[in-house]
Amino acid sequence: MRIFDPHIHMTSRTTDDYERMRAAGVAAVVEPSFWLGQPRTSAASFLDYFDSLLGWEPYRAAQYGIAHHCTLALNPKEANDPRCTPVLEELPRYLEKDNVVAVGEIGYDSLTPAEDEALAAQLELAARHGLPALVHTPHRDKAAGLERTLAVLAESELPPERVVLDHLNETTVDRAKDSGCWMAFSVYPDTKMDERRTVAVLRRLGLERMLVNSAADWGRSDPLKTRRVADAMLADGFTEDDVDLVLWRNPVAFYAQSGRLDLEERAVPEDWEGNSILRGAPAGR
């Protein structure tokens, strides 16, 4: 089984997670930029973070044969902080980097005017740079947030087939499907979607334009949720080809629109800018 997790925050995970993910079949990931876990005090903190998503994290992932790409953006939560918004001026040069396969996460957190402006500006950047967009639908007021998202999308130059609407659930997926955008489900231990509900949606609406991710982050989450959904699909009567479509071919098709998705296994450097993760490794490694 081959698995592509199209939304996971490996910065917040240990290297042991990479090892467990590879053993479970995960061979590729996309890591969207997101909040720091505490308030940022300047836009400069984004730049070191973006650099880590382009360098250190691909290096860590490669130790276990996992292809790592990223999406970069000013995320919705921090779009409300004027200390952070100057990063929008820095984004264009980062969106030219080879390993960046979309603009994201963008969208809404609290449905504020500042979030309106950040979303519209970054959709424009995506169109200008020929990139798709990963859109975060809010965890509160989901239906209203989705409608507001679709209204801003309709005014942008980015066509729906180049947009994935993430964090969907049963209350929003039908409207998302009608929009023509790709649809994504984040599967969590306690919140958001679980395996059973996700499989039920796939059974009802079909597999076209559907993505499943773990969105594993700082909080209680599980980087193996993609594999657990795959197993639940098989238990529900879906075929191995169905699983491969949702867990591999669909995310490949979406991010391939960037023209930058590279899933070829490459030689792993001994270190990244003089640093390695080999401390405490067995003798001889």
Side-chain angles (χ1 to χ4, degrees), residues 1-8 10 18 21-32 58 61-62 64-71 98-105 126 130-135 158-168 173 176-187 193 195-216 222-266:
M1 184 182 295
R2 55 182 183 172
I3 295 173
F4 187 147
D5 192 330
H7 181 157
I8 185 169
M10 293 308 299
Y18 277 121
M21 289 161 60
R22 191 66 188 93
V26 178
V29 299
V30 165
E31 179 163 1
Y64 297 95
I66 296 176
H68 181 289
H69 296 78
C70 67
T71 78
D98 288 343
N99 225 38
V100 179
V101 292
V103 175
E105 299 177 55
L131 293 172
L134 169 62
V135 176
L158 206 62
E161 63 269 17
R162 295 179 68 81
V163 176
V164 58
L165 301 170
D166 211 342
H167 309 314
L168 296 175
V173 63
K177 183 177 177 66
D178 291 342
S179 75
C181 296
W182 290 70
M183 297 152 282
F185 305 92
S186 299
V187 183
M193 294 289 279
E195 297 92 322
R196 177 188 57 80
R197 292 165 57 201
T198 301
V199 169
V201 170
L202 296 176
R203 178 65 70 189
R204 182 171 66 88
L205 293 180
L207 310 182
E208 183 181 0
R209 291 184 281 122
M210 296 289 193
L211 305 180
V212 171
N213 63 69
S214 70
D222 182 355
L224 302 185
K225 279 296 186 182
T226 48
R227 176 56 189 258
R228 301 193 202 289
V229 170
D231 292 340
M233 287 180 67
L234 292 174
D236 192 67
F238 283 99
T239 68
E240 292 183 2
D241 186 68
D242 293 333
V243 171
D244 190 71
L245 176 63
V246 174
L247 274 301
W248 185 266
R249 301 197 311 270
N250 278 357
V252 167
F254 178 75
Y255 286 115
Q257 295 180 97
S258 68
R260 300 175 183 172
L261 190 67
D262 183 1
L263 301 176
E264 295 294 323
E265 189 166 346
R266 298 181 178 275

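Index from 1, following the sequence. Only heavy atoms go into these numbers, but all of them, side chains included; no hydrogens, no water, no symmetry mates.
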Problem set entry | Validation row: His69, Asp262 side chains within 4.5 angstrom (heavy atoms) | yes
Seminar exercise, completed: For His167 and Ser186 the tightest heavy-atom approach is ND1-OG, 2.8 Å
Exercise. Is the backbone N or O of Val100 less than 3.5 Å from a side-chain atom of Arg260, with the two atoms forming a donor-acceptor pair by type?
Worked result: yes
Problem set entry | Asp241/Arg249 ion pair, N-O < 4.0 Å | yes
Exercise. Ignoring hydrogens and geometry, is there a side-chain-to-backbone donor-acceptor pair from Glu31 to Met10 under 3.5 Å?
Worked result: yes
For this session: Nearest 0.5 Å please: distance from the CE atom of Met1 over to the CH2 atom of Trp248.
Result: 13.0 Å
Exercise. What are the two closest heavy atoms between Arg209 and Cys181, and how far apart are they?
Worked result: NH1-O, 2.5 Å
Seminar exercise, completed: The side-chain hydrogen bond (donor to acceptor under 3.5 Å, both in side chains) partners of Asp5 (sequence neighbours excluded) come to Ser214
Problem set entry | Arg22 to Gly65 - nearest heavy-atom pair and separation | NE-O, 3.5 Å
Exercise. Roughly how far apart are Met210 CE and Leu202 CG, rounded to 0.5 Å?
Worked result: 6.0 Å
Problem set entry | side chain to side chain contact (heavy atoms under 4.5 Å, CB included) partner of Phe4, the single match among Val30, Val26, Val29 | Val30
Exercise. Quick one: OG1 on Thr226 to CG on Leu211, what's the gap to the nearest 0.5 Å?
Worked result: 12.0 Å
For this session: Could you tell me the separation between the CD atom of Gln257 and the CD atom of Glu161, rounded to the nearest 0.5 Å?
Result: 7.0 Å
Seminar exercise, completed: Smallest heavy-atom separation, Val173 atom then Phe185 atom, equals CG2-CZ, 3.5 Å
Exercise. Is Val201 close to Met183 at the side-chain level, that is, under 4.5 Å between some pair of heavy atoms?
Worked result: no
Problem set entry | Atom pair CD1 (Ile3) and CG (Asn213), whose distance is rounded to the nearest 0.5 Å | 12.5 Å
For this session: Output the distance between atom CZ (Phe254) and atom CH2 (Trp182), rounded to the nearest 0.5 Å.
Result: 7.5 Å
Exercise. Are there more than 12 heavy atoms of other residues, nucleotides or ligands under 6.0 Å from atom CG of Asp236?
Worked result: yes
Problem set entry | Leu131 versus Ser258, closest heavy-atom pair with distance | CD2-CB, 3.8 Å
For this session: Quick one: closest heavy-atom pair of Tyr255 and Thr71, and the distance?
Result: CE2-CG2, 4.2 Å
Exercise. With Arg2, which residues qualify under side-chain hydrogen bond (donor to acceptor under 3.5 Å, both in side chains), at least two apart?
Worked result: Asp244
